[in-house]
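What you see below is based on every heavy atom in this structure, not just the backbone, and it leaves out hydrogens, waters and symmetry mates. Lettering follows sequence order; numbering is per chain, from 1.
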2 protein chains.
Amino acid sequence: MAEGRAGQGESLLYLTDEQLRQGAEAMFFAYRGFTADPDRILAGLSYGRAHHRALHFIHGAPGTTVNNLLAILGVTKQSLNRVLRSLIEDGLVESRVGRTDKRERHLYLTAEGEDLERELTDAQRLRMRAAFRDAGPEAVAGFRRVLEAMMDPEMRHQYQRLREGRG
Amino acid sequence: MAEGRAGQGESLLYLTDEQLRQGAEAMFFAYRGFTADPDRILAGLSYGRAHHRALHFIHGAPGTTVNNLLAILGVTKQSLNRVLRSLIEDGLVESRVGRTDKRERHLYLTAEGEDLERELTDAQRLRMRAAFRDAGPEAVAGFRRVLEAMMDPEMRHQYQRLREGRG
DNA sequence: CTTGGAATGTCAACAAGGCTGACTTAAAAT
DNA sequence: ATTTTAAGTCAGCCTTGTTGACATTCCAAG
């Protein structure tokens, strides 16, 4: 179906069903690569991808609350809690009761937590750096533009807030 | 590729740790958007993302064998089998014994299977089409170049074989 | 004040979908 | 005839999602 419109002369060729199909497959295979390196490291420890995500975002926004993290990660609080609990028990994350609102817990990485975060992120960054270098700056800009357009609006705001929060 | 070299003065700015961090976060948020629409549909039925993947690749390569599918999906046969069994029982997938090699099972979607595949894919495509249109053809080309560079080499071959197999 | 509702976080139990290991059956290859 | 390969099954484990029930804390309305 669709396919339509391709005419026009020059090209909405990147909007054909086949192109969209290829885009979907590219997302699927690339995401596997994207998570492969940290997953390999985590397999040894008794942690999974969820722990990596928590470490990543706590590192990026120290002192964030559980609720905040919930919104970013998009999981239920019960699901996050399990992950957080093991990280806290193992001394990778510190949870401090809020001083103004004692219901809140503010989250920080310990030195040990920072170490693991760096190890995981370095593995991931190595691959991403190579991909970015191979593809070149123009491609990277396009990559980001498409990904941003693909997010749910709410997630796009989260993403942009994080960017701005770090300059 | 190439492009590289962007030059000393000019900008390897897209390779700074902060840029790579943003790239990682973009992947995370975008992948959530990417899977959100089909997930919503599947939630109602008693299927999950794994079923969608199976339907997608059987649709794209009718008659593929179980082993083939295993390689593409990158899961164990036990894991795939659970999914495949329910799809076969429910009449969405047909499994035919190979004529030249009777050990093999060749997989096809039934009419009903095609229907669900199309429903899921349409939902996903709608979002992707909008993202591609917003970002423009240049960006889409870059998007694909970066994703391809991010895949494991083995997966990149799978991806390219699929592309070629469909022109 | 006090009290009731909302926000925050915790505990328990369940399901999906990965995984490994052991084993069977049938067909093909040697 | 023996070994290897393709597929499938059974059992059991782990991670990471889910709901539901509950405790604590805060805050605002009465």
Report task. Quick one: label A:R85 by what it contacts on the DNA or RNA (base, sugar-phosphate, nothing), any heavy atom closer than 4.0 Å. Result -> sugar-phosphate
Can you give each donor-acceptor pair under 3.5 Å made by side-chain atoms of residues 36-43 of chain B, sequence neighbours left out, with the distance rounded to 0.1 Å?
{"from": "B:D37", "atom 1": "OD1", "to": "B:R40", "atom 2": "NH2", "distance (Å)": "2.7"}
{"from": "B:D37", "atom 1": "OD1", "to": "B:R127", "atom 2": "NH2", "distance (Å)": "3.2"}
{"from": "B:D37", "atom 1": "OD2", "to": "B:R127", "atom 2": "NE", "distance (Å)": "2.8"}
{"from": "B:D37", "atom 1": "OD2", "to": "B:R127", "atom 2": "NH2", "distance (Å)": "3.4"}
{"from": "B:D39", "atom 1": "OD1", "to": "B:R49", "atom 2": "NE", "distance (Å)": "3.4"}
{"from": "B:D39", "atom 1": "OD2", "to": "B:R49", "atom 2": "NE", "distance (Å)": "3.3"}
{"from": "B:D39", "atom 1": "OD2", "to": "B:R49", "atom 2": "NH2", "distance (Å)": "2.6"}

Query raised in the report: Distance check: side-chain N/O of A:R49 vs OP1/OP2 of D:dG17, anything under 4.0 Å?
Result: no
Query raised in the report: What is the distance, rounded to the nearest whole Å, between atom CD of A:E104 and atom C1' of D:dT25?
Result: 11 Å
Query raised in the report: Just by protein heavy atoms under 4.0 Å, how would nucleotides 21-30 of chain C read 5' to 3' in B, S and -?
Result: BB---BBS--
Report task. Using whole Å, report how far CZ of B:R82 lies from C1' of C:dA15. Result -> 11 Å
Requested in this report: Using a 4.0 Å heavy-atom cut-off across all strands, classify B:G74 as base, sugar-phosphate, or nothing.
Outcome: sugar-phosphate
Query raised in the report: Over how many whole Å does the gap from B:D39 atom CG to D:dT18 atom P extend?
Result: 11 Å
Query raised in the report: Can you say whether the rings of B:Y159 and A:F29 are parallel (under 30°), tilted (30 to 60°) or perpendicular (over 60°)?
Result: perpendicular
Query raised in the report: In whole angstroms, how far is the P atom of C:dA15 from the CG atom of B:L45?
Result: 18 Å
Query raised in the report: Would you say a side-chain N or O of A:H51 is under 4.0 Å from OP1 or OP2 of D:dT16?
Result: yes
Report task. Salt-bridge test for A:R156 and A:E148: reply yes if a basic N is under 4.0 Å from a carboxylate O, no otherwise. Result -> no
Report task. Determine: side-chain N/O of B:N81 to OP1/OP2 of D:dT9, distance under 4.0 Å, yes or no. Result -> yes
Query raised in the report: Looking for any heavy atom pair under 4.0 Å, which part of the strands does B:H106 touch: base, sugar-phosphate only, or nothing?
Result: nothing
**Report entry** Nearest-neighbour nucleotide for the B:V66 side chain, D:dA7, D:dT18, C:dG9 considered
**Finding:** D:dA7
Query - A:L87 CG to D:dT15 P, straight-line distance once rounded to whole Å - result: 12 Å
Requested in this report: Could you check A:H106 against A:E94 for side chain to side chain donor-acceptor pair (under 3.5 Å), going step by step and ending with a plain yes or no?
Outcome: CA-CA 8 Å; A:H106 297 269; A:E94 199 192 332; over 6 Å; no
Requested in this report: Determine, for A:R129 against A:D122, whether the closest basic-nitrogen to carboxylate-oxygen distance falls under 4.0 angstrom.
Outcome: no
Report summary line: Closest to the 5' end of DNA chain D, once A:R53 and B:S95 are matched to their nearest nucleotides, is B:S95
Report task. Mind calculating the distance between NE2 (B:H52) and C1' (C:dA16) to the nearest angstrom? Result -> 17 Å
Query raised in the report: Any side-chain N or O of A:T76 less than 4.0 Å from the OP1 or OP2 oxygen of D:dG17?
Result: no
Query raised in the report: Is there a donor-acceptor contact under 3.5 Å from the side chain of A:T110 to the main chain of A:G91?
Result: yes
Report summary line: Atom OH of B:Y47 and atom P of C:dA16 are separated, to the nearest Å, by 12 Å
Requested in this report: Using the six-membered ring wherever Trp is involved, compare the ring planes of B:H51 and B:Y47 and label them parallel, tilted or perpendicular (cut-offs 30° and 60°).
Outcome: tilted
Query raised in the report: When the distance from CG of A:L84 to C1' of D:dT15 is rounded to whole Å, what number comes out?
Result: 16 Å
